[in-house]
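Single-structure report; data block below.
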Amino acid sequence: MGSSIDIRLETLTGPRGVSAGWPSNGKAFFIETFGCQMNVHDSEKVAGVLLARGYQQVDQPDAADVVFYNTCSIREKAAQKVFSRLGKFRPGHAPEKIIGVLGCVAQQEGEEIFERAPWVSLVCGSASYRKLPDLLAQIESGSRRVMGLDLDVEETFETEVTRRDNPFRAYLTIIEGCDKACTYCVVPFTRGPERSRASASILEEVRQLVDFGYSEIQLLGQTVNSYRDPSARRMAFAELLAGVAQVRGIRRVRFTTSHPRDFHPEIVQAIEAIPAICNHVHLPVQSGSTRVLAAMKRTYTREQYLEKIALIRRAKRPISITSDIIVGFPGETESEFEETLSLLDLAQYDGGFSFKFSPRPNTPAQHMADSVSEEEKGRRLAVLQEKQRAVQLARNEALAGQTFEVLVDGRSSRAEQWAGRTSCNRVLNFTSPGASLLGQYVQVKVSRAGPNSLVGERTS
Ligand code: 5AD
Ligand code: SF4
């Protein structure tokens with residue numbers, strides 16, 4: 001899945017071009033982001049902190065005085081990327097630049113980053129971003145090395161200004177960290193325990209986002225549906241979805257990622273009742289084998305998971321479902337892998353992501369016995385992806401002739417070609433002559449389908 005978005009609107013906070021007009025300090029920063037949407041949104045907030053200090057954002061590290069990498073450590077490959085980026089700044093190559101490592105690799109590797117890349121001057125994990133202004137001030141006044149790695153934070157990361165990069169979809173973190181203990185996952189170590197934001201503050205930000213011109217909001221959390229309102233209001237997650245959807249000016253509310261354990265019928269009921277809540281649920285299963293799920297400590301069986309799927313499929317409005325799957329978890333046998341394949345037939349996912357198991361530091365699965373060979377993991381992944389491709393193609397082909405409302409968020413390099421997203425999060429490409437449609441909602445009738453996107457004709 002994924003559309004190409006070849007536009008960059010030079011706005012600070014929203015599609016209407018609200019400019020904060022901060023006094024310039026004459027310096028520039030560059031930030032590159034790896035990993036999940038939480039990281040993407042964290043980078044938006046970090047950019048806001050820097051803009052408020054008078055830095056200007058540039059899109060090349062060479063042109064920057066401050067270079068930040070916001071890193072991901074979910075799999076080894078992702079974690080390695082930052083060290084290859086850092087390698088380009090060996091002493092002598094980039095004099096005078098402040099190089100900072102943020103995010104999950106920062107949290108995980110801590111001080112070791114200074115040892116591997118002594119030219120780095122700032123290391124800060126996501127749970128310590130509140131300290132960024134202080135850390136920057138220390139660097140600006142001559143400190144060689146500063147670090148923010150606390151995890152035991154009470155507060156979430158709020159900023160005066162967030163420089164949102166996506167002009168059409170505003171990300172909004174409602175819960176940080178993770179209290180689940182999936183045995184393969186670094187997130188509880190890199191992002192700390194769950195902390196939810198008060199519902200009133202979330203709703204206030206949604207109202208501001210509408211003022212900035214946004215009509216689509218995506219609520220974020222590693223386990224977004226484990227949200228627990230810390231205020232006296234005690235708003236349940238499904239109520240919060242409804243509350244956000246009912247803010248005047250909001251046309252679409254998305255939320256990701258849902259954990260099956262906390263996925264309750266009320267969420268489906270909210271989607272059924274309120275058209276502005278998008279009919280898409282990302283509900284990672286990870287494996288189709290109850291034995292492997294137990295070894296992963298996912299807290300549900302294959303059957304319990306499939307009951308959640310049935311609940312969603314019974315909804316009065318069709319709801320698309322996507323998933324994440326890991327192949328080659330330690331000890332996964334051929335027949336357990338086949339159970340994952342058969343789950344694909346039953347779940348009929350509309351999309352998703354699949355990965356080879358990657359052992360991560362500190363996690364219980366790191367040292368589990370019976371590791372599956374890399375070659376075998378690769379084979380399983382290819383088989384799984386081939387099967388899922390066929391499922392998706394069939395599901396998409398069944399949509400031919402139907403008309404969907406899309407929010408246009410991209411323009412292809414070919415003239416008059418546009419890309420939009422349906423409420424169910426499918427990419428729908430279409431041709432339309434004339435003025436720019438970016439940011440508009442239009443009706444498009446599906447004429448053709450591929451496994452990852454649809455093609456259609458505009459009807460309004
Ligand atoms: N190895 C492979 N994939 C992983 N994921 C999380 N940890 C690992 C790991 N150690 C996958 C899961 C998760 C997604 C974000 O990344 O499928 O849902
Ligand atoms: Fe990667 Fe997880 Fe960190 Fe997101 S939270 S950046 S997926 S390790």
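Remember, it's 1-based here, ligands and their atoms both numbered in the order they're listed. Reckoned from all heavy atoms, side chains included, excluding hydrogens, waters and symmetry mates.
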What atoms of ligand 2 come within less than 4.0 Å of a heavy atom belonging to [X]?
X: Q222; value: 5 (S)
X: R191; value: 3 (Fe), 5 (S)
X: V187; value: 2 (Fe), 5 (S)
X: N39; value: 6 (S)

Once you restrict to heavy atoms under 4.0 Å, what part of [X] touches ligand 1? Side chain, backbone, both or neither.
X: I326; value: side chain
X: Q286; value: side chain
X: F355; value: side chain

What protein heavy atom sits nearest [atom], and how far off is it?
atom: atom 4 (Fe) of ligand 2; answer: C36 SG, 2.2 Å
atom: atom 7 (N) of ligand 1; answer: Y184 CD1, 3.3 Å
atom: atom 5 (N) of ligand 1; answer: R75 NH1, 3.5 Å
atom: atom 15 (C) of ligand 1; answer: D324 OD2, 3.8 Å
atom: atom 6 (C) of ligand 1; answer: I74 CG1, 3.4 Å
atom: atom 1 (Fe) of ligand 2; answer: C72 SG, 2.5 Å
atom: atom 2 (C) of ligand 1; answer: K356 O, 3.3 Å
atom: atom 1 (N) of ligand 1; answer: S358 N, 2.9 Å

[X] side-chain N/O to [Y] backbone N/O, donor-acceptor pair under 3.5 Å:
X: S126; Y: R191; answer: no
X: R317; Y: I271; answer: yes
X: H264; Y: E266; answer: no
X: D324; Y: P284; answer: no

### Task
Check whether any N, O or S atom of C104, backbone or side chain, sits closer than 2.8 Å to atom 4 (Fe) of ligand 2.
no
### Message
I need the minimum non-hydrogen distance between P330 and M368, along with the two atoms involved.
### Response
CB-CB, 3.7 Å
### Message
Please give me the minimum heavy-atom distance between V285 and R298, naming the atom from each residue.
### Response
O-NE, 4.2 Å
### Message
I need the single residue from V82, D42, I31 that forms a side-chain contact (heavy atoms from CB on, under 4.5 Å) with L102. Which is it?
### Response
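Single side-chain contact (heavy atoms from CB on, under 4.5 Å) partner of L102 among V82, D42, I31: I31.
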### Message
Given the ring of F404, does R426 sit roughly above its face, with NZ or CZ under 6.0 Å from the centre of the six-membered ring and within 45° of the axis?
### Response
no
### Query
Do the numbers put R75 on top of the ring of F355, so that NZ or CZ is under 6.0 Å from the six-membered ring centre and no more than 45° off the axis?
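Yes, a cation-pi geometry.
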### Query
Using 30° and 60° as the class limits, which term best fits the ring planes of H280 and H282: parallel, tilted or perpendicular?
tilted
### Query
Take atom CD in E303; do more than 12 heavy atoms of anything else shown fall under 6.0 Å from it?
yes
### Task
Would you mind running through ligand 1 and noting each atom that sits below 4.0 Å from a heavy atom of F357?
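Within the 4.0 Å cut-off of F357, ligand 1 contributes 1 (N), 2 (C).
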### Step-by-step salt bridge (charged side-chain N to carboxylate O under 4.0 Å, His left out) determination, R379 to E334
CA-CA 11 Å; R379 187 194 69 80; E334 179 62 25; 2.8 Å; yes
### Task
Could you establish whether S73 and ligand 2 come within less than 4.0 Å of each other, counting only heavy atoms on the residue side?
yes
### Query
Is it true that Q37 lies under 4.0 Å from ligand 2, counting heavy atoms only?
no
#### Entry: Within-cut-off N or O pair, R360 and ligand 1, under 3.5 Å
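Between R360 and ligand 1 (N or O atoms, distance only) the closest approach is not under 3.5 Å.
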